[in-house]
Protein chains: 2
Amino acid sequence: MTRPHSGTAVATVDDPAPGCSALRDCLHCSVRHLAVCSALSPDEVQALERVTVSQALPLGATLARAGEPRQHVYTLTGGALRLVRTLADGRRQISGFVLPGDYLGLTGSDHHRHDIEAIADSRVCRVALPQMKDLRARYPHLERKLLQRACQALDDAADAALALARLQPAEKLADFLLRLAAREARLGDPGLRVTLPMGRSDIADHLGLTMETVSRTFTKLRQQGLIALPHLNTVEILDEAGLRDLCGA
Amino acid sequence: MTRPHSGTAVATVDDPAPGCSALRDCLHCSVRHLAVCSALSPDEVQALERVTVSQALPLGATLARAGEPRQHVYTLTGGALRLVRTLADGRRQISGFVLPGDYLGLTGSDHHRHDIEAIADSRVCRVALPQMKDLRARYPHLERKLLQRACQALDDAADAALALARLQPAEKLADFLLRLAAREARLGDPGLRVTLPMGRSDIADHLGLTMETVSRTFTKLRQQGLIALPHLNTVEILDEAGLRDLCGA
DNA sequence: CGCTGTCTTGAGTGGGATCAATTAACGTGG
DNA sequence: CCACGTTAATTGATCCCACTCAAGACAGCG
């Protein structure tokens with residue numbers, strides 16, 4: 001069971017005295033993902049440790065709600081989150097899934113624009129906004145890295161928009177699976193076995209479909225021999241080339 | 001006639017010896033839109049002038065094609081462009097429309113990801129990539145401004161994705177018109193009269209619809225008294241509140 | 001073993017796409 | 001100024017696919 005229980009979201013829980021391993025994770029993420037520390041002195045590392053807080057998010061917990069004022073930026077160090085937008089009448093869209101290494105804070109707004117919910121037991125590394133501002137002022141390298149990430153995110157957003165606007169359900173799903181596989185591959189995994197931390201309706205709300213259509217499309221891809229579904233949340237990519245020219249690339 | 005003729009795109013034409021007005025425009029755009037020059041010395045302005053080139057784009061001209069290596073960044077100083085992606089089988093999506101003041105260059109790729117086409121007689125201010133790199137290294141303020149813009153663009157992309165995924169045709173069109181009106185308002189225009197530089201099929205390919213549906217939806221909004229269409233390319237917003245709660249905001 | 005929540009599968013409907021024809025807008029040349 | 005030709009936009013008729021509603025299968029867990 002990797003899915004959150006209905007609507008009973010547990011409140012977020014801080015980690016006021018982070019253990020050394022959590023702190024090391026945070027620094028690690030800062031180093032690896034934001035490349036701040038490439039040439040930091042020991043006291044600079046100390047300064048970083050002071051502004052960095054690890055926070056646990058059990059499955060189903062909500063990190064933020066749309067409309068709330070933003071207080072921190074985050075880097076996901078483990079687990080998975082979803083970014084949810086809901087219309088007045090309940091229509092839902094999932095702007096994206098946040099996986100380990102992803103940075104949360106690239107927005108021009110001072111309020112959250114999404115509900116941010118944990119779809120697996122997760123852990124984030126967080127920095128308060130004013131302190132992040134200081135860091136960015138102090139390390140131009142960080143600013144540059146953030147801009148790089150933002151540009152990459154913009155490219156991804158354009159790809160997603162094309163998929164939403166013009167791909168058919170099977171193409172959307174193939175595209176989604178390949179994208180997920182590529183992301184897991186970048187984190188070191190082989191790439192043929194993709195784990196889906198999210199449920200069918202999350203996929204549907206991400207691709208602009210219904211749960212039923214997603215389910216039917218999974219069966220269709222399976223019957224065509226393009227994928228296998230050993231478990232509900234595990235997809236094995238049998239014919240990557242086949243998937244790839246399904247989504248017209 | 002503000003629409004490009006069929007497929008006969010005129011090649012882009014450089015302006016090797018830009019007149020003083022073009023140069024002033026370029027500097028103006030750099031100042032106003034990237035806020036580089038807020039505290040520049042005269043010789044720094046000279047340096048900027050040297051890297052800045054104005055380029056005219058007649059209606060129908062192509063500034064770049066998807067797949068080509070990127071050579072410059074641009075700021076649009078007049079007219080309008082469209083960013084087009086085309087699938088192998090001809091399905092088309094327009095990622096966005098570029099209006100005066102917009103910056104072209106926020107991408108992580110070193111190749112163009114869109115066809116960039118002028119949908120009106122246009123003019124861009126361009127800077128070669130290596131020189132832009134220098135500028136960014138020299139002026140941290142510029143880097144910060146670009147990041148701000150990228151973040152804003154990301155927010156807009158999320159909004160667009162929600163619209164593509166979950167809004168109905170009438171809602172999509174209402175959202176589009178309001179967004180366009182807001183954009184014109186930011187450039188000083190009153191806001192009740194929106195000029196559409198693009199044709200119906202461009203709107204369709206932007207919203208993930210067909211030309212016919214866009215046309216039908218226009219008539220529907222008109223019959224409901226929400227808008228008026230004095231000319232083909234002019235929309236008058238009669239009931240802004242009505243439009244606004246159509247798209248669920 | 002039954003309960004709960006999720007996923008799958010089925011049958012029927014509706015809305016946007018498709019195909020096709022008409023109308024409108026604009027520019028040109030007589 | 002008007003008739004013509006071209007291109008874009010509108011309107012109409014039909015179809016198809018994804019949505020909707022509903023039932024059934026499956027897994028996880030107490």
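All values below come from the heavy atoms of this structure, side chains included, with hydrogens, waters and symmetry mates left out. What you see is a predicted model; the values in this text were computed from it and never measured.
Atom CE of A:Met198 and atom C1' of C:dT6 are 16 Å apart (whole Å). Atom-to-atom, CG of A:Asp202 to P of C:dT6 comes out at 10 Å; the value is rounded to the nearest Å. Here the C1' atom of nucleotide D:dA8 and the CG atom of B:Asn233 are 10 Å apart, to the nearest Å. At whole-Å resolution of the value, CG in B:Leu232 and P in C:dG27 are 12 Å apart. When rounded to the nearest whole Å, the span between CG of A:Leu229 and C1' of C:dT8 equals 12 Å. Atom NE2 of A:His231 and atom P of D:dC26 are 16 Å apart (whole Å). Following rounding to the nearest Å, A:Ile119 (CD1) and C:dT6 (P) show an atom-to-atom distance of 14 Å. Rounding to whole angstrom units, CZ of residue B:Phe218 and P of C:dG16 are separated by 16 Å.
A donor-acceptor distance shorter than 3.5 angstrom exists from the side chain of B:Glu68 to the backbone of B:Arg65, with no hydrogens or angles considered. Side chain of B:Thr107 to backbone of B:Gly105: no donor-acceptor contact under 3.5 angstrom is found. Here the side chain of A:Asp102 pairs a donor or acceptor atom with the backbone of A:Leu99 at under 3.5 angstrom. A donor-acceptor pair under 3.5 Å is formed between the side chain of A:Glu184 and the backbone N or O of A:Thr195.
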In the 5'-to-3' direction, what one-character label does each nucleotide of nucleotides 12-24 of chain D receive under the scheme B = base within less than 4.0 Å of a protein heavy atom, S = sugar-phosphate only, - = no such atom? BB----SSBB---

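None of A:Arg85, A:Arg113, A:His114 except one satisfies the side chain to side chain donor-acceptor pair (under 3.5 Å) rule with A:Ser95; the exception is A:His114.
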Please output the side-chain donor-acceptor pairs of residues 160-181 of chain A that fall under 3.5 Å, not counting sequence neighbours, one pair per line with the distance.
unit_1	atom_1	unit_2	atom_2	d
A:Arg166	NE	B:Arg92	O	2.9
A:Arg166	NH1	B:Leu209	O	3.4
A:Arg166	NH2	B:Ala204	O	3.4
A:Arg166	NH2	B:Asp205	OD1	2.8
A:Arg166	NH2	B:Leu209	O	2.6
A:Glu171	OE1	A:Gln168	N	2.6
A:Glu171	OE1	B:Arg91	NH1	2.8
A:Glu171	OE2	B:Arg91	NH2	2.8
A:Lys172	NZ	A:Leu207	O	2.8
A:Asp175	OD1	A:Arg179	NH2	3.4
A:Asp175	OD2	A:Arg179	NH2	2.8

